[in-house]
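Structure record follows, encoded as structure tokens.
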Number of protein chains: 2
Amino acid sequence: MPNITDYIIDTSYIKQVIENLKNIYNINGYIIDSEGNVVKDIVLMPDDLPTDNLFKGFYQFEFIEDIGWLMCASPDEIAISNADWFIKSSITAINLLLQRKLKIQQMSKEIIELSEQINFLFNLAKKVTGVKKLHEFCEISLTDIAKKIEADSGFIIVKDSQNNEDIVIPYNLSADEVINIKNQEMFNLALKKKEAILSKLDNGISAIVSPINIKDGIIGFMAFFRKQDKRFFTAYEKKLVSIIDNSITATIETLRLYDSLKELYLNTVKALAAAIDAKDPYTHGHSFRVAKYSMAIAKKMGFEKDTIADIEIAGYMHDIGKIDILDPILNKSGKLTDKEYEEIQKYPHITYKILEPIKLPDNIVLPASQHHEKINGTGYPYGLTAEEMHEFAKIIAVADVFDALTSDRIYRPAMTIEKALTIIVDGINKEFDGKVVAALIEVIRDVDSINELENIRRDLKFSDIQILNKFLEAITEKLMLPNL
Amino acid sequence: MPNITDYIIDTSYIKQVIENLKNIYNINGYIIDSEGNVVKDIVLMPDDLPTDNLFKGFYQFEFIEDIGWLMCASPDEIAISNADWFIKSSITAINLLLQRKLKIQQMSKEIIELSEQINFLFNLAKKVTGVKKLHEFCEISLTDIAKKIEADSGFIIVKDSQNNEDIVIPYNLSADEVINIKNQEMFNLALKKKEAILSKLDNGISAIVSPINIKDGIIGFMAFFRKQDKRFFTAYEKKLVSIIDNSITATIETLRLYDSLKELYLNTVKALAAAIDAKDPYTHGHSFRVAKYSMAIAKKMGFEKDTIADIEIAGYMHDIGKIDILDPILNKSGKLTDKEYEEIQKYPHITYKILEPIKLPDNIVLPASQHHEKINGTGYPYGLTAEEMHEFAKIIAVADVFDALTSDRIYRPAMTIEKALTIIVDGINKEFDGKVVAALIEVIRDVDSINELENIRRDLKFSDIQILNKFLEAITEKLMLPNL
């Protein structure tokens with residue numbers, strides 16, 4: 001309930017009026033609040049309270065109804081009528097002061113709100129600069145907006161720009177809950193109105209839904225919810241969500257495009273790898289598997305996510321130089337002549353020459369072109385040593401040989417995993433890096449990794465999983481010996 | 001100069017005070033402004049002006065120095081001293097009212113500024129949503145900010161994320177002017193302070209420089225300038241630029257990444273095309289030239305920029321299916337057997353099978369895989385008719401044959417442009433689309449196009465440009481005949 005004490009901050013003028021009433025007219029002036037109580041901060045003396053045997057006059061403040069009165073009390077019957085002109089003049093001044101105070105309070109609130117909006121946008125913009133993933137960008141934005149408007153949960157849902165599939169980023173909700181909520185009527189309403197709406201879920205929960213609007217149309221929604229026992233969202237909070245939504249839409253849209261282009265890039269590289277593998281029926285799927293094995297090994301070795309994305313591309317591209325090796329050499333079933341062997345050993349350098357002008361990162365170009373190097377310096381085409389080889393080249397080297405050994409070849413059938421690993425373990429410190437080999441064995445032992453590599457597992461030739469597991473245990477123990 | 005009339009909007013209270021002075025104390029009250037003039041709007045009667053034979057008292061408004069006075073004048077010597085308590089009380093009220101009015105004015109200004117900032121960000125965000133190019137995004141932003149802060153010129157300069165080269169987007173400046181300005185000291189200062197600064201160019205022009213700050217460091221600057229005869233930029237304008245700069249940095253950064261990835265994609269496709277061309281010494285550079293010819297033809301035919309980017313990629317990829325054709329057939333110098341010919345005719349379909357899973361747009365996949373179709377339906381591998389062929393396939397078909405004819409082959413030397421065009425023109429309405437052939441001839445006749453195709457022109461075999469030009473004129477005339 002509005003009260004005069006909320007608006008009288010500077011009491012100097014009112015005190016002066018009350019003093020003048022006392023000194024000039026022998027009138028005691030009191031400010032009475034909307035509940036009929038004397039405002040004690042403004043009386044002249046602490047114990048100066050009106051008594052009943054006095055003549056009284058009440059002058060209401062014309063500002064907000066029931067905000068309070070100036071009560072004038074005097075033992076002198078005509079004192080108040082003598083002072084009437086002065087009291088009215090003072091009341092006019094007080095009314096104007098109160099009105100301006102109210103205006104100032106309203107404006108202060110508006111300034112705080114506007115400043116908060118700008119600060120929020122400013123801070124969010126700072127926070128998301130450099131974020132390259134749509135998911136991460138949306139997660140940061142969701143969490144910050146939810147905190148700002150005190151929402152308990154929410155989500156962003158946007159259509160993938162390539163496949164038109166929904167990308168769901170939930171905040172304190174499961175993906176199923178999002179889909180369930182997304183089907184409720186208010187989303188159709190927001191779609192129709194093309195602007196943020198305040199609404200309620202079917203179970204009465206307060207909700208804000210804001211469509212994500214690009215030039216071509218609505219590509220998704222941003223939604224926030226507040227628990228049933230809490231107050232409803234306000235129009236101000238809806239407006240705030242709408243402003244933020246609008247401000248981040250450009251970045252959402254760009255990140256969507258960026259994601260699609262990344263996918264396109266990966267698909268292109270995969271398709272070309274598949275085409276190169278298809279030159280030889282015996283290497284069908286080889287680059288794909290080498291990429292997957294390499295990623296799994298790198299993950300086990302603790303490399304970061306971004307780095308693992310690079311090793312994936314290096315895996316797909318590691319045989320790309322074969323494009324320019326003549327098919328008769330590549331597909332020869334008998335033993336290669338020395339000249340042919342020399343020719344074929346050029347191909348990792350051709351890989352380098354193909355990839356180099358693309359300006360791909362070293363993390364891709366070097367591993368792809370160095371995967372036939374050996375850590376003792378006897379590999380080809382450059383004869384690099386362990387120190388000179390790129391870390392990822394050592395990974396691709398192991399993944400490449402493992403896949404080659406466990407696949408059929410024109411001159412021999414596929415080996416069992418046990419046989420292949422035995423050969424690879426024998427190559428530690430000669431051809432292969434022991435840490436990489438250990439990681440490969442861990443990958444094969446690890447059920448989770450194997451599930452990730454599901455497509456590949458089908459190709460693995462092993463008659464008896466138990467036998468394999470015992471073998472893997474034994475080989476792991478052997479790897480732990482200090483001489484390795 | 002501040003004046004009481006700027007702050008007294010509501011005159012009711014002051015008028016009441018002046019009335020009371022007259023009625024109760026026989027005093028004429030006048031409001032005197034800071035220049036000593038009576039504020040006529042507030043006098044009681046239009047011709048009521050103070051005369052010299054009166055006793056006077058002056059009460060200054062304690063608010064901003066020299067804002068004005070309340071002058072009290074009376075023929076009665078003691079009237080003013082009698083009214084002194086009332087006058088002082090009224091002056092207190094007026095002072096408070098003026099202060100609150102000032103506060104309200106300041107706050108209004110602040111609200112307007114904040115609202116303008118939010119509106120600006122809101123509108124700019126709306127405008128740039130869907131913009132996929134860094135240049136375009138920066139141009140729109142520059143123009144809008146310059147208008148907002150009344151700058152006459154400016155620029156954005158950002159480092160390319162791949163090559164670290166400067167990307168310059170000028171506004172009302174030449175690229176040289178930007179480089180010259182960019183070397184001035186204030187940019188080092190902004191780099192050091194890591195925030196927007198107000199400064200002057202060496203020639204005294206007012207400038208705002210705001211660094212573009214991402215997590216990894218400063219990647220560029222945004223700068224604005226105002227002509228010498230205009231007022232300097234204000235701290236508020238600097239702050240505004242800084243807020244906008246910060247808000248759009250995330251999008252600038254994402255677009256930089258997107259641009260780099262696009263370049264990477266194009267480079268990858270080019271590199272692979274080059275690798276495929278290199279399988280055969282006679283097709284070296286073929287895909288590159290077909291891409292360029294196709295783009296030039298498409299441009300002449302009036303296709304849009306985005307579309308031309310697609311045809312470029314289709315050009316690079318049109319022979320990608322050759323990966324899976326065995327080299328002995330591809331490089332056979334003698335006549336192919338029927339079986340070999342059948343085999344080689346499969347390759348555009350292999351191109352389709354390689355590109356299809358990449359989910360590239362139809363604008364790329366279809367032209368790449370249909371470029372050996374003929375408009376009369378006698379082409380391979382599908383035997384499509386003119387209606388069934390993709391528009392761009394008709395372009396690549398012409399570009400492909402033109403390049404093949406004007407290049408050396410194992411079984412014949414390169415033909416002259418005249419010979420090649422004669423053959424192609426003969427194929428109109430059988431193999432080739434007349435509009436496409438006409439566009440190719442226009443491209444060759446057009447000096448600008450030829451400059452764009454500079455790399456290619458070197459390869460073109462023609463002994464005498466004049467003879468060629470005459471030939472081109474003649475063939476163009478022939479093409480204009482109604483029977484074609």
Side-chain angles (χ1 to χ4, degrees), chain A residues 10 12-13 16-17 20 24 85-86 89 92-93 96-97 100-101 103-104 107 110-111 114-115 117-118 121-122 125-126 128-130 132 162 214-216 243 246-247 249-251 253-255 257-258 261-262 264-265 267-268 271-272 275-276 278-279 323-324 326-328 354-355 357-359, chain B residues 10 12-13 16-17 20 24 85-86 89 92-93 96-97 100-101 103-104 107 110-111 114-115 117-118 121-122 125-126 128-130 132 162 214-216 243 246-247 249-251 253-255 257-258 261-262 264-265 267-268 271-272 275-276 278-279 323-324 326-328 354-355 357-359:
Chain A
D10 182 344
S12 63
Y13 174 65
Q16 202 177 329
V17 169
N20 284 328
I24 314 287
W85 69 272
F86 172 63
S89 171
T92 302
L96 287 170
L97 283 169
R100 291 197 178 167
K101 182 70 201 171
K103 178 99 182 161
I104 287 170
M107 289 174 108
E110 202 174 336
I111 287 176
L114 289 169
S115 304
Q117 288 173 12
I118 291 181
L121 291 174
F122 195 85
K126 262 212 151 40
V128 296
T129 296
K132 297 176 195 170
Q162 201 157 19
I214 64 166
K215 284 206 177 64
D216 303 343
I243 287 175
N246 178 77
S247 306
T249 295
T251 311
E253 175 59 2
T254 316
L255 286 174
L257 289 171
Y258 184 65
L261 188 58
K262 270 195 294 191
L264 182 67
Y265 188 75
N267 282 338
T268 304
L272 290 160
I276 289 155
K279 280 167 71 79
I323 289 181
D324 291 341
L326 294 176
D327 296 329
I354 292 172
L355 298 184
I358 305 180
K359 294 181 190 160
Chain B
D10 183 342
S12 62
Y13 174 64
Q16 202 176 330
V17 168
N20 284 328
I24 313 288
W85 68 272
F86 171 64
S89 172
T92 302
L96 287 171
L97 283 170
R100 292 197 179 168
K101 184 69 200 171
K103 178 98 182 162
I104 288 170
M107 290 174 106
E110 202 174 334
I111 288 176
L114 289 169
S115 304
Q117 288 173 13
I118 292 182
L121 291 174
F122 195 85
K126 262 214 150 41
V128 295
T129 295
K132 295 176 197 173
Q162 202 157 17
I214 65 166
K215 283 204 179 63
D216 304 341
I243 287 175
N246 179 78
S247 306
T249 295
T251 310
E253 175 58 0
T254 317
L255 287 173
L257 288 170
Y258 184 64
L261 189 58
K262 269 195 292 189
L264 182 68
Y265 188 76
N267 282 338
T268 303
L272 291 159
I276 289 156
K279 280 165 71 77
I323 290 181
D324 290 341
L326 294 176
D327 295 330
I354 293 173
L355 299 184
I358 306 181
K359 294 181 190 158

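Every chain is numbered from 1, with letters handed out A, B, ... down the list of sequences.
- No other option in A/Leu97, A/Val128, A/Thr254 has as many heavy-atom pairs under 4.5 Å with chain B as A/Leu97.
- Take A/Thr268 and apply the side chain to side chain donor-acceptor pair (under 3.5 Å) test, not counting sequence neighbours, and it matches B/Tyr265.
- Among A/Asn20, A/Asn246, A/Ile118, the residue making the largest number of heavy-atom pairs under 4.5 Å with chain B is A/Asn246.
- Scored by the side-chain contact (heavy atoms from CB on, under 4.5 Å) test, A/Ala271 finds B/Ile354, B/Ile358 as partners (sequence neighbours excluded).
- Defined by atom type and a distance below 3.5 Å, a donor-acceptor pair is missing between the side-chain atoms of A/Asn267 and B/Lys359.
- With hydrogens and angles disregarded, a donor-acceptor distance shorter than 3.5 Å links the side chain of B/Lys215 to the backbone of A/Thr129.
- With a 4.5 Å cut-off on non-hydrogen atoms, B/Phe122 touches chain A through its backbone and its side chain both.
- The parts of A/Tyr258 that come within reach of chain B are both its backbone and its side chain, each placing non-hydrogen atoms under 4.5 angstrom from that chain.
- A donor atom on one side chain and an acceptor atom on the other are found under 3.5 Å apart for A/Thr92 and B/Gln16.
- B/Leu355 does not touch chain A: none of its heavy atoms, backbone or side chain, sits under 4.5 Å away.
- Counting heavy-atom pairs under 4.5 Å between each of A/Glu253, A/Lys126, A/Lys132 and chain B puts A/Lys126 at the top.
- With respect to chain A, the highest number of heavy-atom pairs below 4.5 Å among B/Ile214, B/Val17, B/Thr251, B/Leu264 belongs to B/Leu264.
- Using modelled atom types, one side-chain atom of A/Ser247 and one backbone atom of A/Ile243 make a donor-acceptor pair closer than 3.5 Å.
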